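Keep in mind it's a predicted model, so treat the numbers as computed, not measured. Counting starts at 1 for both ligands and their atoms, in listed order.
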Amino acid sequence: MSIASPTTVVLGTRYARELPEMAVAWQAAEPPEPRLLVLNDRLATELGLGPDWLRTPDGVGLLTGTRLPAEAEPVAQAYAGHQFGGFVPRLGDGRALLLGELADGRRDLHLKGSGRTPFARGGDGLAAVAPMLREYVISEAMHALGIPTTRSLAVVATGRQVQRETPLPGAVLARVAASHLRVGSFQYARATGDTGLLCRLADHAIGRHHPQAAQGQRPYLALFEAVVAAQAALVARWMLTGFVHGVMNTDNMTISGETIDYGPCAFLEAFDPATVYSSIDHAGRYAYGNQPVVAEWNLARLAESLLPLLHDDQEQAVELATQALNGYRPQYAQAWSQGLLTKLGLPADTDDATVSPLVDELLPSLQESRADFTTFFRALAEAARGDIDPVRRLFLDPEAIEAWLTRWRALRPDPEAMDRVSPLYIPRNHLVEEALTAATEGDLDPFSRLVDVVRQPFTQRPGLERYAAPAPPDFGAYRTFCGT
Ligand code: AMP
Ligand code: MG
């Protein structure tokens with residue numbers, strides 16, 4: 001593989017060229033004292049960007065958007081979005097920039113925290129070190145868990161202070177995504193009333209993500225169906241892993257089906273569908289258990305945006321969109337129940353009439369016992385191997401769970417298959433906080449160790465016991481924040 005040097009980095013301008021109405025040419029702010037905090041060597045190598053070169057001043061210049069190839073045209077992307085249900089017609093990259101598409105043309109290189117743009121509204125355009133490292137470690141964990149996600153390439157400290165509740169060290173995150181097209185991008189195009197723009201946006205999305213949609217009779221309906229399928233699969237993966245996104249506004253939902261925007265997200269510990277971590281989600285709109293219906297609601301907003309492209313007759317367009325949207329629930333249900341079956345170690349063809357009663361009993365008792373979701377499934381694999389004690393200890397009513405285990409073990413669950421899909425190591429909220437606090441004080445070791453651990457989530461390794469354990473009781477209720 002050829003390794004990039006300053007002269008060979010290719011940053012495509014396809015988005016900017018094809019959708020100029022949704023791109024504002026903009027430059028990143030110059031960081032006073034850039035210092036590379038973390039570089040994703042593996043991802044860099046995969047992208048043909050030499051890690052050694054990325055560590056040089058020119059490389060750090062690429063990672064902060066301040067030394068770009070001459071042909072690059074960095075832009076702030078325009079989008080709209082429903083935030084907590086209320087429509088905002090103009091959001092856009094307030095503190096982010098699309099540097100361009102990388103050499104294969106299928107991945108965006110993008111910055112977060114690179115300075116104010118015309119979309120900044122009241123914001124300062126900046127980001128602090130800890131939240132950018134948070135996005136780095138959680139997106140790496142998601143990737144290792146096999147959940148589609150944007151990737152983090154690097155975090156560079158800027159040497160600039162960022163004023164939050166207190167002054168904090170600032171940073172820029174360089175991230176890579178299949179694209180940064182969101183449901184909100186379509187809402188923006190639709191709200192302009194320019195059907196030509198909407199059409200170009202849909203063609204761009206089809207070309208990048210769902211090229212097979214172009215083959216059929218109704219490419220735009222096929223695009224919508226492909227997004228429905230991708231999101232049903234994605235949200236099922238979140239639910240099966242206990243991931244709580246925390247801010248599923250339509251501007252934070254991708255067309256590619258990748259998880260995006262790791263602001264107030266967190267991983268579930270005690271199983272409870274009402275779990276909310278975000279400090280601003282007072283009504284629990286984005287609670288763990290609401291995520292599947294919120295995704296459907298967001299997809300309905302995408303459908304509305306696409307209506308002018310679906311049929312000349314808008315009544316028929318609504319009919320087509322509704323039919324396609326009706327596919328979401330069965331697809332989600334199928335992905336969830338298949339996933340759960342695998343987590344229970346049972347073959348995919350296990351009779352539903354056998355499994356449903358087991359699941360219907362299990363989830364309420366997990367909730368009642370406030371059992372740790374991640375610990376439970378690994379303990380269950382131990383039970384499949386013959387040691388039921390780790391499971392028993394998690395439940396308030398050991399006799400009831402023993403009876404359940406007896407019925408389940410009669411189905412001959414496969415513990416190896418279970419361990420392949422249920423992680424032992426997730427980015428536990430207390431460990432993330434511990435690592436970020438140390439990093440803010442200048443010690444990156446706990447952060448690097450945590451990244452190493454979550455990159456191999458399924459394989460047990462000696463000495464990592466504390467990474468597999470839930471938060472100690474004195475950690476208290478966990479709260480997360482947006483726009484940090
Ligand atoms: P989020 O909920 O984090 O996805 O952000 C929602 C919107 O707020 C996006 O348009 C962001 O670009 C913008 N935003 C968030 N934080 C800042 C900031 N510090 N400065 C400027 N814009 C911001
Ligand atoms: Mg966002």
Novice: Any protein heavy atom under 4.0 Å from atom 5 (O) of ligand 1?
Specialist: no

Novice: At a non-hydrogen distance cut-off of under 4.0 Å, which region of Phe119 contacts ligand 1 (side chain, backbone, both, or neither)?
Specialist: neither

Novice: Between Phe224 and Tyr220, is the gap from one ring center to the other below 6.0 Å?
Specialist: no

Novice: Any salt bridge between Glu101 and Arg107, counting N to O under 4.0 Å?
Specialist: no

Novice: Among all the protein's non-hydrogen atoms, which is closest to atom 19 (N) of ligand 1, and how far away is it?
Specialist: Asp124 OD1, 3.0 Å

Novice: Can you tell me how far NE2 of His204 sits from CE of Met22, rounded to the nearest 0.5 angstrom?
Specialist: 9.0 Å

Novice: For atom 20 (N) of ligand 1, find the nearest protein heavy atom and state the residue, atom name and distance (0.1 Å precision).
Specialist: Gly125 N, 2.8 Å

Novice: Just which atoms of ligand 1 are under 4.0 Å from any heavy atom in Gln83?
Specialist: 6 (C)

Novice: List ligand 1 atoms under 4.0 Å from Leu91, heavy atoms only on the residue side.
Specialist: 10 (O)

Novice: What's the shortest distance from atom 12 (O) of ligand 1 to any protein heavy atom, and which residue and atom give it?
Specialist: Gly94 N, 2.7 Å

Novice: Below 4.0 Å from any atom of ligand 1, is there a heavy atom belonging to Ala96?
Specialist: no

Novice: Check ligand 1 against Asp261 and write out every atom of the ligand that is under 4.0 Å from a heavy-atom position of the residue.
Specialist: 4 (O)

Novice: Identify whether the distance between the nearest side-chain nitrogen and carboxylate oxygen of Asp203 and Arg208 falls below 4.0 Å.
Specialist: no

Novice: Taking the basic N atoms (NZ, or NE/NH1/NH2) and the acidic carboxylate oxygens, is any pair closer than 4.0 Å for Arg160 and Glu33?
Specialist: no

Novice: What distance do Gln77 atom CD and Leu98 atom CG have between them, rounded to the nearest 0.5 Å?
Specialist: 4.5 Å

Novice: Salt bridge check: are Glu269 and Arg370 linked by an N-O gap of less than 4.0 Å?
Specialist: no

Novice: If you measure from each heavy atom of Arg164 to ligand 1, is any distance below 4.0 Å?
Specialist: yes

Novice: If I take every N, O or S atom of Asp251, is at least one of them less than 2.8 Å from the Mg ion (ligand 2)?
Specialist: no

Novice: Do any nitrogen or oxygen atoms of Val247 come within less than 3.5 Å of a nitrogen or oxygen of ligand 1?
Specialist: no

Novice: Provide, to 0.1 Å, the distance between atom 11 (C) of ligand 1 and the closest protein heavy atom, together with that atom's residue and name.
Specialist: Gly92 O, 3.9 Å

Novice: Would you call Arg95 and Asp124 a salt bridge, using N to O less than 4.0 angstrom?
Specialist: no

Novice: Looking at atom 1 (P) of ligand 1, what's its closest protein heavy atom, distance included?
Specialist: Asn252 ND2, 4.2 Å

Novice: Is it true that Arg200 and Glu21 have a side-chain N and a carboxylate O under 4.0 angstrom from each other?
Specialist: yes

Novice: Is the distance between the Mg ion (ligand 2) and the nearest N/O/S atom of Asn252 smaller than 2.8 Å?
Specialist: yes

Novice: Have a look at Asp261 and say which of its N, O or S atoms is nearest the Mg ion (ligand 2).
Specialist: OD2

Novice: If hydrogens are left out, which of Gln77, Arg95, Arg121 has an atom nearest to atom 13 (C) of ligand 1, that is, the closest non-hydrogen atom?
Specialist: Arg121

Novice: Measure the spacing between CZ of Arg466 and CG of Leu431 and express it to the nearest 0.5 Å.
Specialist: 5.5 Å

Novice: Which label fits Phe271 and Tyr288: parallel for a plane angle under 30°, tilted from 30 to 60°, or perpendicular past 60°?
Specialist: perpendicular

